[in-house]
Amino acid sequence: MKQVRVRFAPSPTGELHIGGVRTALFNWLFARHHKGKFILRIEDTDVLRSQKDFITSVIENLNWLGLNWDEGPGIGGDYGPYFQSQRLDIYKRYAKKLLREGKAYPCYCTQEELLQRRRKMQREGKPPVYDGHCRDLSLAQREKLEREGRKSTVRFKVPHNGTVKVRDLLRGDVNFENKILGDFIILKSDGTPTFNFANVVDDYLMRITCVIRGDDHLSNTPRQILIYQALNFDPPSYAHIPMILGKDGAKLSKRHGATSITYYREKGYLPWAVVNYLSLLGWSTPDSQQFFTKEELIQKFSLERVGKSSAVFDYQKLEWMNAEYIRKMDTDELAKLLIPYLKKRGWVKDKVDSITYRKIFRITELEKDRLRTLSDIVELADFFFEKDFAYDSKAVKKKLKNDYVCSLLRRVKNEVEQLSKFDEENLERTLRKISKELSLSTAKAFHPLRIALTGRMRGPGLFELAAVLGRKEVLRRIDRTLEMLKEKGYGGSASGRPQDSGSCSGGSNPPPPAKLAPSSRG
RNA sequence: GGCGCCAUCGUCUAGGGGUUAGGACAGGUGGUUCUCAGCCAUCAGACCGGGGUUCGAAUCCCCGUGGCGCUACCA
């Protein structure tokens, strides 16, 4: 049996799309499973819309995802070049061959003429296919039109009768009647090939054995098979995989949310989480397994288990899966992935020293369970880095208003100052002791403290996060909170009584004025 | 309009002539904890409709309906 050769053939007219990634993935899995070749070919024949930046982006993103190719840009191979823009003479050669054999003909219709005739056909309720206007021109007529300076395209002569059978690995045989196809263009007036033509020539020349692509291409396939036949090429086998849709059932597009893989990369999705999630869109194992290692996925993947109906892209499930992979990840590895996000915020310097790294590691440990994407770290851990963090106004109103709060904070401050060793265990023991002595439930004691230290109601364990902050910073934050409460008249200072132990005024050194933020997410 | 593809919980799906139609995400409830997250337990939720075939249809066949795609000098 001959070696499996499949390809992914994106056109660089935009950022690599999630749907494109899924197509690339299925091709890659198929190749790897069968120990065949995965080829990357850039279909940049649309000169107007193709951009160099997008080529770079496609290549970078595929690399990031780990979908490595055996032939193509950056690698080379025996069947190159792998950019269609560098193969124009090849397409011309084959077009000439078809011309010579009478299987194609020059068409001199202008776009304007075509448009008008198409409109007319539509008005009359006829199918809007090319009417064969130039199909049977005599040599003299052609020469006349040439002399008039008319530009020509090359059209493929579709037989008027008969049918084309597409053998699809997923859907079985699908038949199309030739007569509904219409003579389509294979070479544009500027000499570049159209998709259907370049695709066939390249797939043949690159010895592609199986074309795996979105099922939006199924209706194009009869045209391509006709070209194979005209050129005396053996067509490959086909597998048209279901498309990915948005929530409303329409083809996935920007209005459903982000569709470019670049977005997910920047947001902090792990490449394998994306791959794993995408593999489940249209494919499954008999036991509906959710998580796969790379080796497992390659081993278990098969086209037979690819479904036929389109799948809705579920952002939430992707997010969940990403979070799962983050939680399962080694903390050290995760911390290193988080650093770029901290740098972007200016929270850590370009060169991370070992003390800073130690802190980042601890923070990573504490926030790991809460991360859904890597960039979440920015919102979750800001208080570790921002000395001047804002207090969630809702949290303040809800938890710091009570009379006992100031005496509690002052008490904690005193005890913390005197702590022989400032670590998690001592902290916990002391804080529990204080809450007991003040006859406060741990909840009542710890919530205000958490807000004093972080500005918010949710987050990692109190002792853990305090330990990371360090004694000095904890004391400073308590002072800062006391000051803030004093200004607001909260926490017992508004009781009207003279300065008693419950008051927030007096005592401490005046810290810088604290900001009160508008209520944000707790 | 023509042609084509598709159809199981809200979503991804398993299953497939006789099943309590299974799992995952999301949602609800309870528990654990200083909060959140997590974790554990638990609940709710589906075979598009109609005909056939059959003792029996969600499963096979046909029709309908719906969704999507193609019908370009885009790919």
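None of these values were measured; they are calculated from a predicted model. So you know, we letter chains A, B, ... as the sequences are listed, proteins then strands, and number each from 1.
Asp44(A) and Ser85(A) share a side-chain donor-acceptor pair at under 3.5 Å.
For G52(B) and A58(B), the P atoms lie 13 Å apart once the distance is rounded to whole Å. Going from the C1' atom of C62(B) to that of A46(B) covers 24 Å, rounded to whole Å. A gap of 27 Å separates the P atoms of G64(B) and G10(B), to the nearest Å. When the P atom is used for both C39(B) and A75(B), the distance is 48 Å, rounded to whole Å. The separation of G45(B) from A21(B), taken at their C1' atoms, amounts to 13 Å, rounded to a whole angstrom. G30(B) and U13(B) have their P atoms separated by 33 Å, given to the nearest Å. The same atom, P, is picked in U8(B) and in A14(B); the two are 10 Å apart, to the nearest Å. Look at the C1' atom in both U65(B) and G50(B): the space between them is 10 Å, to the nearest Å.
For Ala311(A), the listed nucleotide lying nearest its side chain is U13(B); candidates were U13(B), G15(B), C34(B). With C73(B), G69(B), A75(B) as the choices, the nucleotide that has an atom nearest any side-chain atom of Lys251(A) turns out to be G69(B). Taking only side-chain atoms of Ser284(A), from C-beta outward, the nucleotide of A14(B), G10(B), A75(B) with the closest atom is A14(B). You'll find that the side chain of Met243(A) is closest to G69(B), out of U35(B), C73(B), G69(B). When distances are taken from the side chain of Glu43(A) to each of C70(B), C5(B), A75(B), the shortest belongs to A75(B). In the set G15(B), C25(B), C34(B), the nucleotide with an atom closest to the side chain of Phe446(A) is C34(B). With distances taken from any side-chain atom of Asp369(A) to the nucleotides G38(B), C73(B), A26(B), the minimum falls on G38(B). Side-chain proximity of Arg372(A) to C5(B), A26(B), C6(B): nearest is A26(B). In the set C73(B), C34(B), C5(B), C34(B) carries the atom at the smallest distance from any side-chain atom of Ala443(A). Nearest to the side-chain atoms of His447(A) among the listed nucleotides C12(B), G1(B), C34(B) stands C34(B).
Atom CZ in Arg450(A) sits roughly 8 Å away from atom P in U35(B) (whole-Å rounding). For Trp320(A) and C25(B), the CH2 to P distance is 5 Å, given to the nearest whole Å. To the nearest angstrom, P of G4(B) lies 15 Å from CG of Asn220(A). What separates CZ of Arg49(A) from C1' of C73(B) is a distance of 13 Å, to the nearest Å. In this entry the distance linking CG of Asp216(A) with P of G67(B) reads 19 Å, nearest Å. Note: CD (Gln84(A)) to C1' (C74(B)) measures 12 Å, nearest angstrom. Rounded to whole Å, atom P of G4(B) lies 15 Å from atom CD1 of Ile225(A). We find that CG of Asp131(A) is positioned 15 Å from C1' of U71(B), with the value rounded to whole Å.
Relative orientation of the Phe313(A) and Tyr315(A) rings is perpendicular, given thresholds of 30° and 60° on the angle between their planes.
Note on Ser309(A): only backbone sugar-phosphate atoms sit closer than 4.0 angstrom, heavy atoms only; bases stay farther off. Gly461(A) comes within contact range of at least one nucleobase, with a heavy-atom separation under 4.0 Å. Residue-level contact check: Pro460(A) touches the bases, meaning some heavy atom is under 4.0 Å from a base atom. Here His217(A) lies in heavy-atom contact (under 4.0 Å) with a base. Across all strands, Arg305(A) comes closer than 4.0 Å only to sugar-phosphate atoms, never to a base (heavy-atom distances). Here Phe463(A) lies in heavy-atom contact (under 4.0 Å) with a base. Nucleic acid contact class of Glu464(A) (heavy atoms, under 4.0 Å, all strands): base. Using a 4.0 Å heavy-atom distance criterion, Thr192(A) is classed as making no nucleic acid contact. Nucleic acid contact for Ser11(A): sugar-phosphate only, since backbone atoms but no base atoms lie under 4.0 Å from a heavy atom of the residue. The residue Leu462(A) sits close to a base: some heavy atom pair falls under 4.0 Å.
Between Lys247(A) and C12(B) there is no side-chain N or O to OP1 or OP2 distance below 4.0 Å. Lys317(A) has no side-chain polar atom (N or O) that falls below the 4.0 Å cut-off from OP1 or OP2 of U13(B). Regarding contacts with the backbone of G4(B), every side-chain N or O of Arg223(A) stays at 4.0 angstrom or more from both OP1 and OP2. Considering only side-chain N and O atoms, Ser219(A) lies nowhere under 4.0 angstrom from the phosphate OP1 or OP2 of C5(B). Side-chain nitrogen and oxygen atoms of Arg432(A) include at least one within less than 4.0 Å of the OP1 or OP2 phosphate oxygen of C34(B).
The partner of A44(B), taking Watson-Crick or G-U wobble pairs whose two distances both stay under 3.5 Å, does not exist in any strand shown. Across all strands shown, U65(B) is found opposite A7(B) as a Watson-Crick or G-U wobble partner, with both distances under 3.5 Å. Remark: C73(B) base-pairs with no nucleotide; criterion is Watson-Crick or G-U wobble with both hydrogen-bond distances under 3.5 Å. In this structure, U32(B) and G38(B) make a Watson-Crick or G-U wobble pair, each of the two defining distances being under 3.5 angstrom. Base pairing of G18(B) is made with C55(B), judged by Watson-Crick or G-U wobble geometry with both donor-acceptor distances under 3.5 Å.
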Evaluate ring pair (Phe, Tyr, Trp, His ring centres under 6.0 Å) for Phe463(A) paired with Phe446(A), printing each intermediate quantity in order. CA-CA 10 Å; Phe463(A) 325 119; Phe446(A) 295 171; 5.4 Å; yes

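Counting atom types as modelled, Ser310(A) pairs no side-chain N or O with a base atom of G67(B) as donor and acceptor under 3.5 Å. Judged by atom type and distance alone, Arg370(A) reaches the base of C36(B) through a side-chain donor-acceptor pair under 3.5 Å. For Thr13(A) against C74(B), a side-chain-to-base donor-acceptor contact under 3.5 Å is absent.
Judged by the 6.0 Å distance and 45° axis criteria, Arg155(A) is positioned over the aromatic ring of Tyr130(A). Geometrically, Lys328(A) engages Tyr325(A) in a cation-pi contact, judged by NZ or CZ lying under 6.0 Å from the ring centre and within 45° of the ring axis.
Asn61(A) places a side-chain N or O within donor-acceptor distance of the main-chain N or O of Ser57(A), the cut-off being under 3.5 Å. In this structure a side-chain-to-backbone donor-acceptor pair under 3.5 Å is present from Gln290(A) to Ser288(A). The backbone N or O of Asn161(A) lies less than 3.5 Å from a partner atom in the side chain of Asn178(A), making a donor-acceptor pair. Thr194(A) contributes a side-chain N or O that, together with a main-chain N or O of Ile185(A), makes up a donor-acceptor pair within less than 3.5 Å.
Ring to ring, Phe26(A) and Phe8(A) are not that close: their centroids are 6.0 angstrom or more apart.
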